[in-house]
Amino acid sequence: MSAEPAGVALIGSGSASPETVLTNQDLSDVVETSDEWIRSRTGIGERHVLSPEQGLKDIAALAGQRALAAAGVDASEIDLVLLATSSPDDLFGSAAQVQGELGASRAIAFDITAACSGFLVGLVTAAQFIRTGTYRKVLLIGADILSRWTDWGDRRTCVLFGDGAGAVVLTAHDTDNLLGFELRSDGTMNGCLTLPYQGSPNAIHPKANVAKGTYAPIQMNGREVYRFAAKRVPEIVEKALFHADITVEQVDWLLLHQANQRILDAVASRLKIPGEKVISNLAKYGNTSAASIPLALDEAIRDGRVKPGDIVASSGFGAGLTWGSAVFRWGI
Ligand code: ACO
């Protein structure tokens with residue numbers, strides 16, 4: 001632990017995807033849909049789904065391990081493990097299991113639940129701990145297994161989601177490479193996208209009724225979510241760019257939560273960012289919720305598109321409703 005305030009740098013990334021791949025064609029065996037419908041409405045071609053023998057902690061730890069290796073940081077150096085997820089193996093939290101799996105023995109670990117904005121909220125949270133000098137090295141993982149909570153009989157939602165994990169390592173640094181951010185929530189619109197607990201009364205005592213139940217599958221008003229994202233995401237990216245004192249022209253990469261290609265295109269067009277600067281891997285993974293931003297970032301870093309020094313404008317948005325944007329310079 002250090003007492004000195006510091007800047008923040010993002011220095012390594014990793015990701016992990018389950019082996020099983022479900023194509024649009026495969027889904028057309030399960031519900032009445034087609035490759036043409038799914039591709040043209042969403043840009044999704046296939047998605048990965050986790051087998052029941054594996055847990056969230058397995059792919060989260062693998063992504064974390066790969067990020068640590070890329071950063072050249074040993075697990076024992078990590079002060080804080082943040083796990084952004086809405087589908088933990090354990091409702092008490094899965095971050096500590098991941099911390100244990102990784103051997104990050106000095107680290108405090110906790111979960112962050114903010115659905116598809118989870119990685120963005122985690123990034124800003126990590127940065128605050130580093131900026132105040134409380135911690136020097138943070139492993140931030142975004143991971144979700146929404147296949148557990150998808151209604152596989154509902155064609156309006158089951159074609160959208162996939163499972164995966166992505167991670168980045170953040171470190172204290174003499175310059176601050178988190179250039180600007182902005183986070184927002186609007187709980188009045190919560191009903192647009194939910195994974196609600198549903199219980200029925202269970203009389204445990206003559207004077208006490210408690211709820212007994214479980215979580216119901218994902219429910220979504222697709223049109224409302226589309227309208228929300230197309231309006232709020234460009235606004236918040238502009239705010240984060242303003243805080244960062246960065247112009248749209250200076251942005252090397254637009255890295256949005258991978259919800260839907262049509263949302264990516266609409267946001268890029270509103271911001272006047274050309275298609276070649278927009279990172280998209282929806283075709284291969286679908287919407288992996290909290291994993292989607294670090295998964296897409298990791299791919300773009302590993303294939304050489306995103307290079308150290310590049311400026312990335314990122315935005316997460318989703319259930320809550322919650323949305324946010326962070327502008328950062330990749331690497332040191
Ligand atoms: N295959 C074939 N037909 C379908 C499918 C499908 N998979 N899904 C819906 N349809 C049908 C509907 O039944 C409906 O038919 P009907 O008119 O006979 O009733 C028709 O297509 C139109 O349905 P809508 O729900 O109105 O479809 P829409 O054009 O709005 O597209 C979509 C749906 C792609 C979900 C769109 O609303 C959207 O892009 N929304 C954004 C939401 C999103 O991306 N959510 C991801 C999770 S949230 C997040 O990460 C932020």
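Each ligand, and each atom within it, is numbered from 1 in the order the structure gives. Since we're looking at a predicted model, the values are computed, not measured.
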J.: Report yes or no: does N287 contribute a side-chain atom to a donor-acceptor pair with the main-chain N or O of G162 at less than 3.5 Å?
T.: no
J.: Work out whether the distance between some heavy atom of A229 and some atom of ligand 1 is less than 4.0 Å.
T.: no
J.: Protein heavy atoms near atom 19 (O) of ligand 1, is at least one of them under 4.0 angstrom away?
T.: no
J.: Inspect the contact between R148 and D89 and indicate whether a charged nitrogen and a carboxylate oxygen are less than 4.0 angstrom apart.
T.: yes
J.: Distance-only, no hydrogens or angles: does the D252 side chain make a donor-acceptor pair with backbone N or O of V312 under 3.5 Å?
T.: no
J.: Closest non-hydrogen protein atom to atom 46 (C) of ligand 1, residue and atom name please, with distance?
T.: N287 ND2, 3.5 Å
J.: Which atoms from ligand 1 have a heavy atom of G318 less than 4.0 Å away?
T.: 51 (C)
J.: Just heavy atoms, cut-off under 4.0 Å: does F161 contact ligand 1 by side chain, backbone, both, or neither?
T.: side chain
J.: Below 4.0 Å, non-hydrogen atoms only: which portion of V159 touches ligand 1? Side chain, backbone, both or neither.
T.: side chain
J.: Would you mind checking which non-hydrogen protein atom is closest to atom 39 (O) of ligand 1, with the distance to 0.1 Å?
T.: N260 ND2, 2.5 Å
J.: Of the side chain and backbone of A259, name the one, both, or neither that has a heavy atom under 4.0 Å from an atom of ligand 1.
T.: both
J.: Who gets closest to atom 22 (C) of ligand 1 by heavy atom: R223, R156, Q261, H257?
T.: R223
J.: Can you check whether T33 has an N/O within less than 3.5 Å of an N/O in ligand 1?
T.: yes
J.: Indicate yes or no for a side-chain donor-acceptor contact from E299 to the backbone of L295 under 3.5 Å, with no hydrogens or angles considered.
T.: no
J.: When you measure from atom 16 (P) of ligand 1 to every protein heavy atom, which one gives the shortest distance, and what is it?
T.: R155 NH2, 4.9 Å
J.: For W323 and F228, I'd like to know if the aromatic rings sit close, meaning centre-to-centre distance below 6.0 Å.
T.: yes
J.: Just to confirm, does any protein heavy atom lie below 4.0 Å from atom 25 (O) of ligand 1?
T.: no
J.: So which heavy atom in the protein is nearest atom 41 (C) of ligand 1, and how far is it from that ligand atom?
T.: G222 O, 3.4 Å
J.: Assess the residue pair E235 and R232 against the criterion (salt bridge (charged side-chain N to carboxylate O under 4.0 Å, His left out)); give the C-alpha distance rounded to whole Å, side-chain angles, the decisive distance to 0.1 Å, and a yes or no.
T.: CA-CA 5 Å; E235 276 174 11; R232 296 297 178 201; 2.9 Å; yes
J.: Just to confirm my output: which protein heavy-atom neighbour is closest to atom 51 (C) of ligand 1, and how far is it?
T.: F317 O, 3.4 Å
J.: Does the protein come close to atom 5 (C) of ligand 1 - that is, does one of its heavy atoms sit below 4.0 Å from that atom?
T.: yes
J.: How far is atom 45 (N) of ligand 1 from its nearest protein heavy atom, and which residue and atom is that?
T.: M220 SD, 3.2 Å
J.: For atom 8 (N) of ligand 1, state whether the nearest protein heavy atom is under 4.0 Å away.
T.: yes
J.: Look at R131 together with D176 and state whether they make a salt bridge at an N to O cut-off of under 4.0 Å.
T.: yes
J.: My question is simple, although I want it checked carefully: is atom 30 (O) of ligand 1 less than 4.0 angstrom from any protein heavy atom?
T.: yes
J.: I'd like to check which ligand 1 atoms, numbered from 1 as shown, lie under 4.0 Å from a non-hydrogen atom of L193.
T.: 48 (S)
J.: Would you say atom 37 (O) of ligand 1 touches the protein, meaning some protein heavy atom is under 4.0 Å from it?
T.: yes
J.: Examine distances only and state if a side-chain atom of D144 and a backbone atom of L146 form a donor-acceptor pair shorter than 3.5 Å.
T.: no
J.: Tell me the contacting part of W37 for ligand 1: side chain, backbone, both, or neither, using a 4.0 Å heavy-atom threshold, strictly below.
T.: side chain
J.: Fit a plane to each ring of H48 and Y285, take the angle between them on a 0 to 90° scale, and name the class: parallel (under 30°), tilted (30 to 60°) or perpendicular (over 60°).
T.: parallel
